[in-house]
Amino acid sequence: MPICTRELLLEAYHLMLGRFGRQHWWPGETPFEVMVGAVLTQNTNWKNVEKAISNLKERGLLTPRGLYHLSTAELGRLIRPAGYYNVKAKRLKNLVTRFVDEFDGEVSRLMSLSVEDARAFLLSINGIGEETADSIILYALERPIFVVDAYTKRILFRHSLISEDAIYSEVQGLFMDRLEPDTALFNEYHALIVRVGKEYCKNPPKCDDCPLMGWAR
DNA sequence: CACCAGGCAAGTA
DNA sequence: TACTTGCATGGT
């Protein structure tokens, strides 16, 4: 059972960065587009999300008030390629309604909250869970919080750094208790984990040539 | 053909 | 509290 130190976490980061370079997340979007994309990409391939984003963009609807005044049914039709379109249309409406009603649809007003308050606000919205909330805080608000996803858990579990049933806060704490709050670092680190997870840490694992081969364990 | 992707909430016991 | 299930398109 390896001990998870700051040095170990930084080693993994540099191994992944050295192999893949910067991932440029979140791909070319304004903060509001990141918020929308964070909901659309729930359990869904990003390529599918891009089609949905394009549909909204082409019609000039990818703004807080554009979506605010759009019916849930019509929104669902436009985001259809992203999958779960009925569920996601409701979730987006929930997010946009709260964002416009309580923050006037201004990202700057949301950013004036503390990270804890912003997280509590986002989590109080039906359809926004921990990963989506943290993705919005990190990639839209550009505040330092570590995003944990299924790949993060799988990689750490396979390297015996966490148990299989480790909960979100446990995994997040593993990183945040050891690394100084650094938005750029957390941004790149999560993106690299997703990249490595996709290419190597699937079922079955493709460990040959994985940048984390021989790391921790 | 099967499998799954940058999750989440609601239902069940 | 601890599982289970529904949601859905598009790529490999």
Side-chain angles (χ1 to χ4, degrees), chain A residues 12-13 16-17 20-29 31-56 72-98 119-142 145-158 163-172 175 183 185-206 212:
Chain A
Y13 175 74
M16 295 189 292
L17 183 65
F20 294 114
R22 299 195 183 282
Q23 299 300 297
H24 305 290
W25 277 30
W26 202 285
E29 300 188 0
F32 182 70
E33 290 175 40
V34 174
M35 295 170 68
V36 172
V39 171
L40 290 177
T41 199
Q42 287 170 355
N43 204 44
T44 300
N45 190 317
W46 180 254
K47 277 307 258 182
N48 289 11
V49 175
E50 285 182 323
K51 299 169 194 283
I53 296 268
S54 296
N55 286 341
L56 296 172
T72 304
E74 180 61 10
L75 178 55
R77 200 179 66 75
L78 293 170
I79 65 172
R80 199 171 96 86
Y84 305 132
Y85 56 88
N86 287 313
V87 170
K88 286 177 179 175
K90 286 181 195 166
R91 291 180 180 179
L92 281 177
K93 288 295 279 185
N94 291 340
L95 171 61
V96 169
T97 299
R98 297 280 309 274
R119 194 173 199 269
F121 163 70
L122 291 166
L123 289 177
S124 75
I125 299 169
N126 189 300
I128 309 275
E130 292 189 287
E131 182 182 344
T132 305
D134 289 341
S135 293
I136 289 172
I137 293 169
L138 179 62
Y139 292 103
L141 306 186
E142 298 184 60
I145 198 160
F146 203 94
V147 178
V148 174
D149 73 328
Y151 287 129
T152 313
K153 291 181 182 171
R154 191 181 303 171
I155 289 171
L156 292 183
F157 173 66
R158 289 189 178 170
S163 64
E164 189 158 28
D165 57 346
I167 64 174
Y168 190 97
S169 59
E170 218 177 315
V171 181
Q172 184 176 51
F175 291 90
T183 300
L185 173 66
F186 291 175
N187 176 321
E188 203 59 54
Y189 207 146
H190 173 66
L192 284 165
I193 284 174
V194 172
R195 177 75 184 271
V196 170
K198 267 184 192 162
E199 298 192 20
Y200 298 97
C201 212
K202 28 164 65 173
N203 295 304
K206 295 195 183 297
L212 296 182

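None of the values given here were measured: they were computed from a predicted structure. Per chain, numbering begins at 1; letters A, B, ... match sequence-line order.
Annotation: of the two residues near DNA chain B, A:His190 and A:Ile125, the 5′-most nearest-nucleotide partner is A:His190. Nearest-nucleotide positions on DNA chain B for A:Asn126 and A:Lys198 put A:Lys198 closer to the 5' end.
Among the protein residues, A:Ile193 comes within range of no part of the nucleic acid, since none of its heavy atoms lies under 4.0 Å from any strand. Backbone-only contact: A:Arg80 has heavy atoms under 4.0 Å from sugar-phosphate atoms and none from a base.
You can see that DNA chain B meets the heavy atoms of chain A within a 4.0 Å-exclusive cut from B:dA5 to B:dA10, reading 5' to 3'. From the 5' end on, the contacts that DNA chain C makes with chain A at under 4.0 Å to a non-hydrogen atom open and close at C:dC7 to C:dG11.
Under the ring-ring contact (aromatic ring centres under 6.0 Å, His included) criterion, A:Trp46 pairs with A:Trp26, not counting sequence neighbours. With sequence neighbours excluded, no residue forms a side-chain hydrogen bond (donor to acceptor under 3.5 Å, both in side chains) with A:Asn55. Under the ring-ring contact (aromatic ring centres under 6.0 Å, His included) criterion, A:Tyr189 pairs with A:Tyr13, A:Phe146, A:Phe175, not counting sequence neighbours. Listed by chain and residue number, A:Arg154, A:Cys201, A:Asn203, A:Pro205 satisfy the side-chain contact (heavy atoms from CB on, under 4.5 Å) test with A:Arg158 (two or more places apart in sequence, or in another chain). For A:Arg80, the side-chain contact (heavy atoms from CB on, under 4.5 Å) test picks out A:Tyr85, with sequence neighbours left out. By the ring-ring contact (aromatic ring centres under 6.0 Å, His included) test, A:Tyr84 pairs with no residue at all, sequence neighbours left out. Partners of A:Glu170 according to the salt bridge (charged side-chain N to carboxylate O under 4.0 Å, His left out) rule, which considers only residues two or more places apart in sequence or in another chain, do not exist here.
Judged as a salt bridge (charged side-chain N to carboxylate O under 4.0 Å, His left out), the pairs with a partner in residues 123-140 of chain A (not counting sequence neighbours) are, in order, A:Arg119-A:Glu130, A:Arg119-A:Asp134. Under the salt bridge (charged side-chain N to carboxylate O under 4.0 Å, His left out) criterion, the residue pairs touching residues 32-50 of chain A are A:Glu33-A:Lys57, A:Lys47-A:Glu50, with sequence neighbours excluded.
When the P atom is used for both C:dG6 and B:dG6, the distance is 23 Å, rounded to whole Å.
The number of heavy atoms from other shown groups lying within 6.0 Å of NZ (A:Lys90) does not exceed 12.
Applying a 4.0 Å cut-off to non-hydrogen atoms, the residues of residues 35-47 of chain A that approach DNA chain B are A:Thr41, A:Gln42, A:Asn43, A:Thr44, A:Asn45, A:Trp46, listed by residue number.
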